[in-house]
Amino acid sequence: MAVLVTGGSGYIGVHVCVELLNAGYDIVAFDNFVNSKPEAVNRIRQVSGKEFKFYSADMTNKEELESIFRENNIEAVVHLAGLKAVGESIGDPLRYYSNNIGGTLTLLETMDKYGVHNLVFSSSATVYGTQSGVPIAEDTTLRATNPYGWTKLMVEDILRDLQVSNPEWGIVILRYFNPVGAHESGLMGEDPSGVPSNLSPFISQVAVGRLQELLVFGSDYPTPDGTGIRDYIHIVDLANGHLRAIEKVLQEPGIDVFNLGTGNGCSVLELIRAFEQVSGKSIPYKLVGRRPGDVAISFADSSKAQKVLGWRAERSILQMCQDTLRWQINNPQGYMTLASLHS
Ligand code: WQD
């Protein structure tokens, strides 16, 4: 029996695949490489020392999905595949609704056809929108503020209706806060194409001299140092949260939702200082205006995952920065394919 990982060569995907393999699961994975590179698949094998089947496939393609389910004995699915850029989703909502929701519907229909009713779904703290207070618990009112967030919220609702229609389904929804960091080997990490829109990869590229200066979006927020506060969680801690979630869906039917965060807030200036501490380099930055759509403060109440899943984040901000830098130094251009190395 195998666990299928959709979006298996993405930033989250490679780390989830490694942790599943390390825990002794057989896995099958696929990706359409819209936001990742085939070299990432080799890194999973290199880091885990394990073999597994990987397909180049698209979740919106029913035939491709059917072949994967026909050729493998799948018992559960970790569903990570999806477009995830907030700004891009505002400019191209149909692509986001069609891919993230349409693709998920195709996946769920195929799972049901092949009698696979165990699912871990990658959701996001973005479903909390501009929430009232912090820490944010799972029962906070949900309100997305962009098409990307709406796709996550709508899929959550679809999953609840599905489970009511057939109680055999075992579903866990994981709401990620801000995943950062990289595998300690330095062989896997975040590999955004172009200039990173997220803070952590941007700072790390400034630290290694790939980018000149960080623009700090907003210094007049109601926070101790005026900059935005987020709950940065190490990608390996996040990946381990998926192991606990898989165990739960394999044990019992039902549906439940959990925050994956550290429960601690960290400001932009604090993250800059942490990167300076571990890199020994000064990070040039300029305070500029707020980025539209940003909230001032967001960090998790992660006590439910601790109580029910027996999971908690263990890695520190400094370790997140150390692992990010190691990845950036070892792979300044991300997952270089052999072809591009010789081009
Ligand atoms: C963090 C803080 C910025 C860049 C996003 C998505 C969310 C999720 C995680 C998918 C904020 C500030 C950033 C920069 C800055 N993705 N910042 N200069 O916006 O909290 O979450 O990624 O699920 O859906 O919205 O993360 O890293 O972009 O920003 O000052 O160049 O860093 O204002 O306060 P965010 P982020």
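When a ligand or atom number is given, it counts from 1 through the structure's own listing order.
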Listed pairs under 3.5 Å, donor-acceptor, residues 313-320 side chains, sequence neighbours left out:
from, atom 1, to, atom 2, distance (Å)
R315, NH1, D237, OD1, 2.5
S316, OG, L318, N, 3.4
S316, OG, Q319, N, 3.1

Put together the list of close N/O pairs, under 3.5 Å, between ligand 1 and the protein, could you?
from, atom 1, to, atom 2, distance (Å)
ligand 1, 18 (N), L215, O, 2.8
ligand 1, 19 (O), R291, NH2, 2.8
ligand 1, 20 (O), N178, ND2, 3.0
ligand 1, 20 (O), R230, NE, 2.6
ligand 1, 22 (O), N198, ND2, 3.2
ligand 1, 23 (O), S124, OG, 3.1
ligand 1, 23 (O), Y148, OH, 2.5
ligand 1, 26 (O), N178, ND2, 3.1
ligand 1, 27 (O), L199, N, 2.7
ligand 1, 28 (O), N198, ND2, 3.0
ligand 1, 28 (O), R291, NH1, 3.3
ligand 1, 28 (O), R291, NH2, 2.9
ligand 1, 29 (O), R291, NH2, 3.3
ligand 1, 30 (O), F217, N, 2.8
ligand 1, 33 (O), D294, OD2, 2.6

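The environment of CD in E138 is crowded: more than 12 heavy-atom neighbours from other residues, nucleotides or ligands sit within 6.0 Å.
Put simply, CG on L119 and NE2 on H79 are 7.0 Å apart, with the number rounded to the nearest 0.5 Å.
By the 30° and 60° cut-offs, the orientation of the rings of Y96 relative to Y148 is perpendicular.
The main-chain N or O of I90 is never found under 3.5 Å from a side-chain atom of N146 such that the two would form a donor-acceptor pair.
A side chain to side chain donor-acceptor pair (under 3.5 Å) with N331 holds for exactly one of R326, E39, R43; it is R43.
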